[in-house]
Q: 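Sending over a structure as structure tokens; questions will come in a sec.
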Amino acid sequence: MGGARTALFNYLLARQTAGTFILRIEDTDTARNVPGAERKIMDDLRWLGLGWDEGIGVGGPHGPYVQSQRLELYDAAIDKLLTAGQAYYAFETADELEAMRKEAESRKQAFRYPRPARLPDEADIRRVREEGRPVVVRFRTPTEDITVHDEVAGDVTVAASELDDFVIRKADGMPVYHLANVVDDHLMGVNLVMRGQEFLGQTPRHIALQRALGFATPRYAHLPLIMDMQGRKLSKRDGDVEVHSFRAAGYLPEALANFLALLGWSPGGDREKMTLAEMVDLFSIERIGRTNAKFDREKLLAFNTDAAAAAGEERLAAAFDDYLAASESPIGQAGLNAEAKRDLLRVNRGFRTFADIDHKCGFLYVADEAVRYDETAVKKVLDKGGYDMLRTLLPLLEAQEPWTAEGLEKLLSEVCGAHSVGMGKVAQPIRVAVSGGTISPAIYETLVLLGKPRTLSRIRRALALPK
RNA sequence: GGCCCCGUCGUCUAGUGGCCCAGGACACCGGCUUUUCACGCCGGCAACACGAGUUCGAAUCUCGUCGGGGUCACCA
């Protein structure tokens, strides 16, 4: 979710300034790469409406856009640093480094990698390789304080004593994130970096690398973080916080995008509801906040409810189709035609997410014999006079023609009058009989959707329920 | 723990020295509507973390305290 928000802000600014929005895959951690992850990222971004101008899937002049396919480029940069004496080889094993860290910790000191007095030469490297020890390359960090001119956080200076000689090429030959990121940003002409605030403390390393490599430093804007409701960094352990899970749960992308935009940014005043295009116009780095935001699902739900109510018929139909394909909705499995789906949308007006429609109308798509009767509903409605009402209603419904909302309304109103009871006494028993519970669309609509034969069949079945 | 960032209603935020005994939205509470659920409508509760200072005047500026978060990897 944090990544989606970052993508959104980058997209907004790129569109507003006629810049280029680039999608690049940073997959230099061989161990953590997940097959299919690229596809998911692209699907999520496209679903949110955040199309990119350059990058994976669409190409561009600076490809390839996958870091694991650009290794020669990073090697060239590393070699350049090596020959210039701005980087050197190191041979410690993970265990050795761990021990050094532990030791520093026991002395209550922050661990800084100790640069050896004599840097290893070619002979050392050959020997170490033969011994089978890991060989990495470390960047020789300059001894100067570095100030990041961040456009959100302001000037942030990190003392040279805080920086040590970090690894830029791992033992497996892959570059580390910092190096690859800096090289690619330079090669791809990136002049603005907007990313999460967790990178702010790393930025001095990036700036040092840029200086050593002779690259220009881009503008930086570090975004406040998105936290869970407990105030911790949002993580998968707090439930589904991936974009796709909201798609499958029946949310509208425009609602999610709108909600996400307000996490760390505000257009000012009381403005809240915006389309993507409006956000493009209103966005500005100056109005990005500095405080972390909590991801409040309740508010997102409210945004979605409003977005669904505001969406035009066509937009809603398309979004509903997307939901049906992305979710495991029983309605999707029923293979309805366009008109049936429109009817469903119409009788469910006021729904909060598409999943509400499943909840409210799922009983329409099961066999009559498979309807399960909710115990409390039966007790509350059928046991208290509901059965009698159903017996009265059955012959009338059998005779009812035409089977339309208007016709049924007329019939049921007459029954109310004849027995001097409110509509609740009539509608509820029917609702329980045909749906098994007390939740459904308006009763006339429900019966029309169900159809006459199935309505009658279900009422007979309810009457046969063991008392 | 070191370093860095941050601190307005429960939540997202408006607010850039007087328009603010702080506005909007969500949530919550009460009511209305009502054939269920949901929607909708009306009303209400609710915050400038604390303490000094600057100033005629501070939510807005300064310092301190406290609190929260991030980061200290051969992860990104």
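Just so it is clear: chains get the letters A, B, ... in the order the sequence lines come, proteins before strands, and each one is counted from 1. Everything numeric in this text was worked out from a predicted model, so none of it was measured.
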Q: Name the closest nucleotide to the Gln202(A) side chain, picking from rA76(B), rU36(B), rC74(B).
A: rA76(B)
Q: Roughly how far apart, to the nearest Å, are rC6(B) and rC45(B) at atom P?
A: 34 Å
Q: With a 3.5 Å limit on both atom pairs, tell me what rC45(B) is paired to, counting Watson-Crick and G-U wobble, or say none.
A: none
Q: Taking the same atom, P, in rG51(B) and in rC9(B), what whole-Å distance lies between them?
A: 16 Å
Q: Between rU36(B), rG24(B), rC39(B), which one does the side chain of Arg431(A) approach most closely?
A: rU36(B)
Q: C1' atom, rG69(B) versus rA49(B): distance in rounded Å?
A: 15 Å
Q: What's the NE2-C1' distance between His178(A) and rC72(B), to the nearest Å?
A: 11 Å
Q: Give none if rU36(B) has no partner; otherwise give the nucleotide forming a Watson-Crick or G-U wobble pair with it, both distances under 3.5 Å.
A: none
Q: Does any nucleotide pair with rC20(B) by Watson-Crick or G-U wobble geometry, both distances under 3.5 Å, and what is it?
A: none
Q: How far does the P atom of rU16(B) sit from the matching atom of rC61(B), given to the nearest Å?
A: 11 Å
Q: Relative to the 5' end of RNA chain B, which residue comes earlier, Thr28(A) or Asp356(A), by the nucleotide with the nearest heavy atom?
A: Asp356(A)
Q: Decide, yes or no, whether a salt bridge links Arg346(A) with Asp343(A) under the criterion of side-chain N to carboxylate O below 4.0 Å.
A: yes
Q: Looking across every strand, which nucleic acid part, if any, lies under 4.0 Å from Arg169(A) by heavy atom: base, sugar-phosphate, or nothing?
A: nothing
Q: Between Arg133(A) and Glu96(A), is there a side-chain N and carboxylate O pair less than 4.0 Å apart?
A: yes
Q: Write down the distance between CG (Leu163(A)) and P (rA73(B)), rounded to a whole number of angstrom.
A: 12 Å
Q: Rounded to the Å, how far apart are Arg349(A) CZ and rC37(B) P?
A: 18 Å
Q: Write down the distance separating the P atoms in rU60(B) and rC19(B), rounded off to the nearest Å.
A: 13 Å
Q: Base, sugar-phosphate, or nothing for Phe199(A), non-hydrogen atoms under 4.0 angstrom?
A: base
Q: Looking for any heavy atom pair under 4.0 Å, which part of the strands does Leu225(A) touch: base, sugar-phosphate only, or nothing?
A: sugar-phosphate
Q: So what does Gln109(A) hit on the nucleic acid, given a heavy-atom distance under 4.0 Å: a base, only sugar-phosphate, or nothing?
A: nothing
Q: With C1' as the reference atom in both, quote the distance from rG15(B) to rA58(B) in angstrom, rounded to an integer.
A: 13 Å
Q: Just one of Phe246(A), Tyr323(A), Phe354(A) clears the ring pair (Phe, Tyr, Trp, His ring centres under 6.0 Å) bar with Tyr251(A), so which one?
A: Phe246(A)
Q: Considering every strand and a 4.0 Å limit on heavy-atom distances, what is the contact class for Arg271(A): base, sugar-phosphate, or nothing?
A: nothing
Q: Starting at atom CG of Leu97(A), determine the distance to atom P of rC72(B), rounded to an integer number of angstrom.
A: 15 Å
Q: In whole angstroms, how far is the C1' atom of rU35(B) from the CG atom of Leu408(A)?
A: 13 Å
Q: Thinking salt bridges, do Lys102(A) and Glu98(A) make one under a 4.0 Å N-O criterion?
A: yes
Q: Within the modelled atom types, does a donor on one side and an acceptor on the other bring the side chain of Lys299(A) and the base of rA25(B) under 3.5 Å apart?
A: yes
Q: Of the nucleotides rU11(B), rC75(B), rC74(B), which one has an atom closest to the side chain of Pro134(A)?
A: rC74(B)
Q: When the distance from CZ of Phe166(A) to C1' of rA76(B) is rounded to whole Å, what number comes out?
A: 14 Å
Q: Mind checking who rC26(B) pairs with, Watson-Crick or G-U wobble, both distances under 3.5 Å?
A: rG10(B)
Q: Rounding to an integer number of angstrom, what distance separates rG30(B) and rA14(B) when you compare their P atoms?
A: 31 Å
Q: Please determine, for the side chain of Met423(A), which listed nucleotide (rU35(B), rG69(B), rC26(B)) has the closest atom?
A: rU35(B)
Q: Quiz question: going by heavy-atom distance under 3.5 Å, is there a donor-acceptor pair between the base of rC5(B) and the side chain of Arg290(A)?
A: no
Q: So Ala442(A), base contact, sugar-phosphate only, or nothing? Heavy-atom distance under 4.0 Å.
A: base
Q: Kindly say whether, by distance alone, the side chain of Lys294(A) makes a donor-acceptor pair under 3.5 Å with the base of rC12(B)?
A: no
Q: Partner of rC50(B) by Watson-Crick or G-U wobble geometry, both contacts under 3.5 Å, or none?
A: rG64(B)
Q: Salt bridge or not for Arg315(A) and Glu313(A), using N-O below 4.0 Å?
A: no
Q: Where the side chain of Ala293(A) is concerned, which of rU13(B), rC74(B), rG69(B) is the nearest nucleotide?
A: rU13(B)
Q: Can you confirm whether the side chains of His419(A) and Thr392(A) place a donor and an acceptor under 3.5 Å from each other?
A: no
Q: Rounded to whole angstrom units, what separation is found between the CD1 atom of Ile357(A) and the C1' atom of rA38(B)?
A: 11 Å
Q: Which part of the nucleic acid, if any, lies within reach of Ala302(A) when heavy atoms closer than 4.0 Å are counted: base, sugar-phosphate only, or nothing?
A: sugar-phosphate
Q: It should be established whether Arg32(A) places a side-chain nitrogen or oxygen under 4.0 Å from OP1 or OP2 of nucleotide rA76(B).
A: no
Q: Taking pairing as Watson-Crick or G-U wobble with both contacts under 3.5 Å, can you name the mate of rA59(B), or confirm there isn't one?
A: none
Q: Quick one: is rG69(B) close enough that its OP1 or OP2 comes under 4.0 Å of any side-chain N or O from Thr291(A)?
A: no
Q: Paired with rA73(B) by Watson-Crick or G-U wobble geometry, both distances under 3.5 Å: which nucleotide is it?
A: none
Q: So what does Val176(A) touch, heavy atoms closer than 4.0 Å: a base, only the sugar-phosphate, or nothing?
A: sugar-phosphate
Q: Both Met227(A) and Gly269(A) contact RNA chain B. Which one's nearest nucleotide lies toward the 5' end?
A: Gly269(A)
Q: Going through the checks in order, is the salt bridge (charged side-chain N to carboxylate O under 4.0 Å, His left out) test met by Glu26(A) and Arg24(A)?
A: CA-CA 6 Å; Glu26(A) 310 206 315; Arg24(A) 179 172 81 217; 2.8 Å; yes
Q: Any donor-acceptor pair under 3.5 Å joining the side chain of Glu272(A) to the base of rG24(B)?
A: yes
Q: Charged N to carboxylate O under 4.0 angstrom, Glu278(A) versus Lys273(A)?
A: no
Q: Using the C1' atom in both, what is the distance from rU65(B) to rG7(B), to the nearest Å?
A: 13 Å
Q: Whole angstrom is fine here: how far is it from CG in Leu262(A) over to P in rC12(B)?
A: 11 Å
Q: Identify whether any heavy atom of Pro224(A) sits under 4.0 Å from a base atom; if not, whether one sits that close to sugar-phosphate; answer base, sugar-phosphate or nothing.
A: nothing
Q: Charged N to carboxylate O below 4.0 Å: is that the case for Glu105(A) and Arg101(A)?
A: no
